[in-house]
Amino acid sequence: MSYKVEPLPDSYAGLGEGPHWDVARQSLYYVDLEAGALLRYDYKQNKVYRTQIEGEKLASFVLPIEGNPLEFAVGCGRRTVIVQWDGVSPTAKVVRTLFAVQPEFEENRLNDAKTDPHGRFFGGTMRYVGDEFVHRHGELYRWEAGGNVTLVKSDVGISNGLAWDEKLKKFYYIDTTDYEVKSYDYNFETGVASNPKVIYNLRKTSPKDHLLPDGMTIDTEGNIYVATFNGATIFKVNPSTGKVLLEIKLPTKQITSVAFGGPNLDILYVTTAAKFDQPAPAGTTYKVTGLNAKGYPGVNLKI
């Protein structure tokens with residue numbers, strides 16, 4: 001199979017994260033996490049729009065709100081806030097806080113978050129100051145309209161990739177500091193995840209060579225795509241067997257997350273980072289075509 005990796009124009013984000021394909025607008029939303037910025041790649045225009053959230057230094061995810069095209073749920077520190085943005089303007093405003101977590105952990109922040117296929121929020125935290133591999137103060141949460149925040153998992157280092165398989169009734173989750181992907185049995189009616197099991201291990205012989213799994217997505221055949229923050233590679237894995245089906249190589253090292261999109265949902269969009277003095281083209285957002293696979297669109301958050 002020959003796939004093709006191409007950069008999106010003017011798509012730089014110092015810490016690109018959280019790619020979310022919005023079908024209604026044929027746009028890829030993502031964040032520049034440590035800049036407090038949101039970005040939107042317009043497929044038809046082949047153009048990226050960027051906005052700064054007023055008064056915010058962090059934006060860890062962006063989730064469109066069901067029924068309100070101008071509103072997005074965004075992770076700002078330990079708060080999940082509603083941001084108003086028209087998708088074009090260079091500034092955006094926080095209009096209210098939806099919920100907050102871990103008020104006592106001032107050195108933590110929210111990290112990756114997604115909506116499950118029913119529109120529930122799933123996302124978690126990590127230590128933002130100090131060594132998150134030593135201080136496992138992160139947690140994974142669930143939130144749904146009209147309810148409170150529910151703790152799904154504690155003892156988390158860096159809460160990261162999330163994906164669901166409705167056919168197999170599975171939830172897949174990555175804590176980067178565990179160097180592995182776990183599967184859970186998932187009840188789509190209640191949002192409850194149970195029976196964790198390691199399905200893919202990224203440890204190497206020497207700890208300094210361990211690959212760091214970051215964001216993740218799933219295709220319609222149930223294969224997962226795991227981004228590696230220190231590996232310049234996305235691994236396509238069969239979660240039932242743990243077998244690597246394909247290694248997708250990128251021209252930069254810090255691969256942060258992945259999401260399928262495009263009119264036919266067959267383009268894999270890839271965010272990257274330029275942390276710790278990584279040289280260009282680090283921080284570029286890419287599209288991968290020719291994978292002969294299709295994914296699922298992002299789901300709006302129901303509030």
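The aromatic rings of F171 and F122 lie tilted to each other, with the angle between the two planes from 30° to 60°. Ring geometry, Y225 versus F260: the interplanar angle exceeds 60°, so the pair is classed perpendicular (tilted spans 30 to 60°). Classification of the F188-H118 ring pair by plane angle, with boundaries at 30° and 60°, yields tilted.
Side chain of T51 to main chain of A92: a donor-acceptor pair is present (N/O by atom type, distance under 3.5 Å, no hydrogens or angles). Side-chain atoms of R142 never come within 3.5 Å of backbone atoms of R120 as a donor-acceptor pair (strictly under, hydrogens ignored). With hydrogens and angles disregarded, no donor-acceptor distance shorter than 3.5 Å links the side chain of T271 to the backbone of T256. Between the side chain of N108 and the main chain of Q102, no donor-acceptor pair closer than 3.5 Å is present. Without hydrogens or angle criteria, N230 side chain to L212 main chain gives a donor-acceptor distance under 3.5 Å.
Checked against the 6.0 Å centroid threshold, Y141 and F99 do not count as a close aromatic pair.
Using a 4.5 Å heavy-atom cutoff, the side chains of D214 and I158 are not in contact. Residues R96 and E71 have side chains in contact (heavy-atom distance under 4.5 Å, counting atoms from C-beta outward). A 4.5 Å side-chain heavy-atom check between F229 and N160 finds every atom pair outside the cut-off. Side-chain contact check for I53 versus L38: some heavy-atom pair is nearer than 4.5 Å. Under the 4.5 Å side-chain criterion, counting only non-hydrogen atoms from C-beta, L58 is in contact with Y128. Counting heavy atoms from C-beta outward, D86 and L70 have side chains that approach closer than 4.5 Å. Considering only heavy atoms from C-beta on, F61 stays 4.5 Å or farther from H20 through its side chain. Within the 4.5 Å cutoff, the side chain of V258 has no heavy atoms near those of the V288 side chain.
Under a 4.0 Å N-O distance rule, the pair K47/D42 does not qualify as a salt bridge.
The CG atom of D266 lies 11.5 Å from the CG atom of D219; values are rounded to the nearest 0.5 Å.
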Inset, instruction - Please assess S60 against R109 for the test side chain to side chain donor-acceptor pair (under 3.5 Å), listing each intermediate value before the final yes or no. - result: CA-CA 8 Å; S60 51; R109 66 163 173 79; 5.1 Å; no
Inset, instruction - Check the pair Y173 / S159 against side chain to side chain donor-acceptor pair (under 3.5 Å), numbers first and verdict last. - result: CA-CA 8 Å; Y173 177 61; S159 190; 2.7 Å; yes
Inset, instruction - Start with the C-alpha distance between V5 and V270, add both sets of side-chain angles, then the distance that settles side-chain contact (heavy atoms from CB on, under 4.5 Å), and finish with yes or no. - result: CA-CA 10 Å; V5 177; V270 183; over 6 Å; no
Inset, instruction - Report the C-alpha separation of V83 and E56 in whole Å, then their side-chain angles, then the decisive distance to 0.1 Å, and conclude whether the side-chain contact (heavy atoms from CB on, under 4.5 Å) test is met. - result: CA-CA 11 Å; V83 170; E56 300 295 340; over 6 Å; no
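With a 6.0 Å radius and a threshold of 12 heavy atoms from other residues, nucleotides or ligands, E247 has its CD atom above the threshold. Heavy-atom neighbours of K249 NZ from other residues, nucleotides or ligands within 6.0 Å: above the threshold of 12.
With sequence neighbours left out, K182 forms a side-chain hydrogen bond (donor to acceptor under 3.5 Å, both in side chains) with D178, E180.
With no hydrogens or angles considered, a side-chain donor-acceptor pair links N46 and Y41 at under 3.5 Å.
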Throw together a table of side-chain donor-acceptor distances under 3.5 angstrom for residues 26-33, partners on residues two or more places apart or in other chains.
from: Q26; atom 1: NE2; to: V23; atom 2: O; distance (Å): 3.0
from: S27; atom 1: OG; to: R25; atom 2: O; distance (Å): 2.9
from: S27; atom 1: OG; to: R40; atom 2: NH1; distance (Å): 2.9
from: Y29; atom 1: OH; to: R25; atom 2: NE; distance (Å): 3.3
from: Y30; atom 1: OH; to: S11; atom 2: O; distance (Å): 2.9
from: Y30; atom 1: OH; to: T285; atom 2: OG1; distance (Å): 3.4
from: D32; atom 1: OD1; to: G14; atom 2: N; distance (Å): 3.2
from: D32; atom 1: OD1; to: L15; atom 2: N; distance (Å): 3.1
from: D32; atom 1: OD2; to: G14; atom 2: N; distance (Å): 3.2
from: D32; atom 1: OD2; to: R50; atom 2: NH1; distance (Å): 3.2
from: D32; atom 1: OD2; to: R50; atom 2: NH2; distance (Å): 3.0

